[in-house]
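Here's the structure we're looking at; comments come further down.
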Amino acid sequence: MGTQESSAVAMKGPTLTPKALIYQKFGTKACYRIEEILQLADNDCLGLVIPQQTNSLYRCYLDLPELSVTSDTFPRKKDAEQSAAKIAIEKLGMQPTINNPTPQEAWNELVARVSGVFTDEIEAIHIPCSIEEHVETLTLDVSDNQYYLDEIAKKLNVADSSQILVSRTVGKASSEMKLYFPNPEAPFLASISSDIHANVEGNIKMEQILNKRASYLSCQNIYGDAILANIGYKWKSPDLFYEDISLCSYYRMLLNKVPDGHYKLSREAILAAELPTAFTARSNWKGPTPRDLLCVFCRQHRLSEPIFSVRSLSSPETSSELSEMCKKSKSSRLNEEIEMADGGAADDIDKDMGKSDTFRYEVKILSRSQEPIVDCSLADTYRKENDAIQNSALKVLAWLNKLFKQLDMPMEKLFSFGHAHDINVYPLNFSREFATCLSIYGVTQNYSLKRCSSLGSLYINQPHIKQENGMILLNIEGQDSGVFPSPGSLTCISYVVALVRKGQSSKDPLESNDEFEFEIGAGAVINQLEACVTQLSVNQAAQFIIELPSKDLILAAAGESAKHLSQSNLWNCYLEYTVKVLRVSEPLEDRMEKALFSPPLSKQRVQFAVAHINESHATTLVDFGCGSGSLLELLLEHTTTIEKIVGVDLSRKSLIRAAKILHQKLSSNSLMQTSIRAAVLYNGSITDFDARLYGFDIGTCLEVIEHMEEDQACLFGDVVLSSFCPNVLIVSTPNYEYNPILNRSTIPNKEDDSEEKSAPCKFRNHDHKFEWTREQFNRWATDLAVRHNYSVEFSGVGGSGDVEPGFASQIAVFGRNSSCKAGKCWKMEESSQPYELVWEWTDSSGSAL
Ligand code: SAH
Ligand code: MG
């Protein structure tokens with residue numbers, strides 16, 4: 001019965017979905033709109049004003065020229081769309097076209113299907129076996145009375161088509177792209193194939209020379225000149241995607257074989273994207289994941305699939321492993337310190353850390369014959385298994401990338417570099433697998449290459465880091481909207497890259513993207529692009545120019561114009577990037593703080609500080625790690641006793657932002673009731689003492705210490721209480737134990753597809769070096785206070801201190817013990833003033849008196 005039913009369905013032929021039917025009839029006139037309906041869970045979590053979402057539902061509105069319909073609600077957007085389309089079909093009484101053509105229709109379709117075979121000319125690629133000769137396009141004449149293999153034989157100077165061999169398919173599995181090459185004499189084949197790798201230096205003394213480029217593409221040994229062509233595919237269907245071979249596609253195939261090539265290609269950003277340096281969160285990582293990239297790389301090089309294996313942490317055997325684990329799970333050196341001071345009381349923390357599932361992964365790359373080539377045992381641990389896998393894959397990719405980009409680096413140096421990054425290389429196996437491939441790039445990059453290291457001098461890309469200063473920013477257009485990309489934010493830009501010839505006005509556009517999203521600070525784009533974007537605010541545009549990257553990259557990006565670019569000399573050309581910032585979505589931490597708390601946590605921290613300022617009648621305030629001045633700015637809006645505010649930060653860029661904002665607000669202060677008479681911004685590290693900031697009434701350090709390495713955070717604690725000696729010091733930092741609550745809440749973010757929920761990151765912001773539990777924070781602060789004769793009280797904002805898991809943001813308020821006079825705090829080096837003054841403002845009316 002069941003089989004009858006299914007065969008009946010099969011008889012009808014492929015059925016179209018409602019959406020497809022609507023598209024057939026209305027094309028782009030059909031307009032779908034999705035509405036998200038938030039499903040709210042009980043708001044059982046203290047501190048969160050916005051209830052936690054469980055699941056969103058979607059409703060779809062479909063507008064057609066003749067009518068509009070609304071779907072029911074569905075958990076998935078696509079179901080809502082299909083439902084709306086179905087309703088419309090019913091209302092319109094549309095009959096799905098039944099696949100029952102008339103003889104004429106059937107005939108027309110058949111003709112259309114086979115017409116492709118009657119092409120007269122096929123574009124193909126000629127790959128000379130001499131690596132000094134350029135790869136070029138050629139046209140094969142395959143008109144009716146020509147047999148295509150005869151034509152290929154002619155082009156390869158081979159007597160007849162029976163001497164032409166054909167490779168396995170190259171590139172996509174579905175394609176018929178193959179390499180055609182002359183049959184080398186059998187005796188040669190035997191003698192060469194056994195020790196071909198010993199001969200990579202290029203001293204093969206035979207008539208038939210290995211065609212390195214063709215061999216590399218096909219992963220089989222090919223001798224003599226070869227032709228890459230796609231023949232015999234079109235007849236399958238005119239509708240099927242037919243891959244024309246062009247020079248551009250050849251260079252894309254080459255690019256696809258390098259570690260970051262697939263990433264650049266799949267983001268369609270060959271001249272803009274770089275493999276990011278960190279896998280911070282799935283929702284921030286755009287494009288194929290590191291694991292997928294590594295698998296593609298291995299497949300491309302005919303290696304075995306990479307093997308990922310978990311290294312359990314639940315029972316660390318050795319003490320060294322334990323301490324390493326503690327360090328890496330960010331419970332730190334600090335614990336060791338405390339352990340020493342408290343006689344092992346910190347053990348509990350360590351055990352907890354071990355219990356809370358953390359993952360550490362190992363990756364192995366093996367050759368086809370299962371010989372080890374590279375393995376990487378990552379020292380870092382991750383709370384999420386996926387993060388551990390992705391980061392270990394990324395580590396290997398990054399190393400391979402470095403190798404491919406600096407092929408003139410001596411092998412030994414590369415291997416020792418690998419060692420320093422937990423990567424273990426098996427040199428013999430490695431060179432056996434990669435020798436041929438590595439010799440390709442050096443020569444295509446630089447035709448007049450003389451020196452050859454063991455790996456060949458290969459560059460697929462220019463050393464981009466060194467170029468950072470080589471960028472020339474041309475102009476910035478548009479008003480400063482004040483919304484700027486900050487580290488950790490997802491930024492969406494549009495850009496155009498054009499090839500420009502010096503002294504000529506015409507430009508060749510090479511690559512463009514209307515919407516390209518990437519995470520700032522993760523190295524996801526070329527340096528110059530990020531440097532440009534971080535100087536812009538939303539809606540601003542700018543242009544910059546850089547020197548040309550390798551010709552391979554240019555040709556891979558060039559599309560149609562690759563053919564004529566390959567023949568022209570590019571020595572007097574440069575690249576011009578035109579960039580516009582479209583949107584910025586803030587780092588997860590900021591989004592959570594704004595979306596889930598009211599007032600936003602940052603405001604609550606300021607209010608907390610204001611209360612302490614007024615309580616202590618403070619008149620001078622220093623903000624350690626002031627960033628772009630959010631606290632100082634908000635202070636202007638509160639009535640306080642403060643007369644002088646000073647901010648210190650390591651980031652010049654942030655300080656310049658802060659100066660702009662404060663200047664604006666202070667110079668229009670007739671509107672404000674501020675008591676502030678002076679404001680100063682310094683550039684410097686808060687771990688260095690500067691005598692100008694000695695003995696302030698109040699010091700604040702909000703959400704800063706977690707951005708420093710733990711030893712630096714500890715150093716800051718000592719310096720501030722022993723040298724700066726503020727009467728009151730307020731330090732805030734995230735409460736690690738609160739993260740699960742934040743992670744459970746879906747952060748409203750329209751761009752996220754509901755189907756792939758943004759996975760929580762390890763910490764709230766990828767720039768965080770650690771996040772402490774309440775106990776860790778308490779230990780740090782208590783110990784610090786005791787050592788420097790301060791008292792300390794604990795508090796926080798977001799949530800409640802009395803209910804698990806405590807405040808979202810934990811705060812310690814240090815107070816100098818009254819018994820300890822200011823004089824007791826020595827100014828260690830009275831004259832030391834390492835900070836650089838960035839901006840200063842004094843109220844002229846006030847100071848004139
Ligand atoms: N307090 C600000 C900014 C927090 S972000 C606010 O609440 O909005 C952390 C800031 O600490 C960054 O601006 C970073 O540049 C700064 N920072 C990190 N390490 C520092 C150091 N050693 N010295 C000074 N500033 C530092
Ligand atoms: Mg932070």
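Order of listing sets the numbers, starting from 1, for every ligand and every atom in it.
- Both cation-pi conditions hold for Arg657 and Phe484: the charged atom is under 6.0 angstrom from the six-membered ring centre and inside a 45 degree cone around its axis.
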Check: Given Cys701 and Val720, is the side chain to side chain contact (heavy atoms under 4.5 Å, CB included) satisfied, shown in steps?
Finding: CA-CA 10 Å; Cys701 183; Val720 68; over 6 Å; no
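- Between Arg652 and Glu836 there is a salt bridge, since a side-chain N of the basic residue sits under 4.0 Å from a carboxylate O of the acidic one.
- Not a single N or O atom of Met708, backbone or side chain, sits closer than 3.5 Å to an N or O atom of ligand 1.
- Remark: minimum distance from atom 23 (N) of ligand 1 to any protein heavy atom is reached at Ile686 N, 2.9 Å.
- At the top of the distance list for atom 8 (O) of ligand 1, counting protein heavy atoms only, stands Ser630 OG, 2.8 Å.
- The nearest N/O/S atom of Glu706 to the Mg ion (ligand 2) is OE2.
- Checked by distance only, ligand 1 and Ser685 come closer than 3.5 Å through their nitrogen or oxygen atoms.
- Among protein heavy atoms, atom 25 (N) of ligand 1 sits closest to Leu650 N, 3.2 Å.
- Checked against the 6.0 Å centroid threshold, Phe689 and Phe724 count as a close aromatic pair.
- Interface atoms of ligand 1 facing Glu703, defined by a heavy-atom separation under 4.0 Å, are 4 (C), 5 (S), 9 (C).
- Here is the list of ligand 1 atoms found below 4.0 Å of a heavy atom in His707: 5 (S), 9 (C).
- Arg774 and Glu737 are joined by a salt bridge, as a carboxylate oxygen and a charged side-chain nitrogen come within less than 4.0 angstrom of each other.
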Note to self: The test is side chain to side chain contact (heavy atoms under 4.5 Å, CB included); show your working for Val797 and Phe597 and say whether it passes.
What the structure shows: CA-CA 10 Å; Val797 291; Phe597 299 93; over 6 Å; no
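- Near Gly684, meaning under 4.0 Å from any of its heavy atoms, are these atoms of ligand 1: 23 (N), 24 (C).
- At a cut-off of 2.8 Å, Glu703 is not counted among the residues with an N, O or S atom near the Mg ion (ligand 2).
- Ligand 1 has no N or O atom lying under 3.5 Å from any N or O atom of Phe624, backbone or side chain.
- The atoms of ligand 1 that sit less than 4.0 Å from any heavy atom of Cys626 are 2 (C).
- For ligand 1 and Gly625, the ligand atoms under 4.0 Å from any heavy atom of the residue are 1 (N), 2 (C), 3 (C), 25 (N).
- Taking CD of Gln390 as the start and CZ of Phe279 as the end, the distance is 4.5 Å to the nearest 0.5 Å.
- Checked options Glu706, Gln810, Glu703; the residue passing with Ser732 is Glu703 (criterion: side-chain hydrogen bond (donor to acceptor under 3.5 Å, both in side chains)).
- Taking each of Val648, Val704, Asp649 in turn, the one with a heavy atom nearest to atom 13 (O) of ligand 1 proves to be Asp649.
- A ring-centre distance under 6.0 Å is not found for Tyr738 and Phe807.
- Of the inter-residue distances, the one linking Leu621 atom CG with Ile642 atom CD1 reads 4.5 Å to the nearest 0.5 angstrom.
- Counting atoms of ligand 1 from 1 in the listed order, those under 4.0 Å from a heavy atom of Ser651 are 15 (O).
- Scanning the protein for heavy atoms near atom 7 (O) of ligand 1, the closest one is Leu702 O, 3.4 Å.
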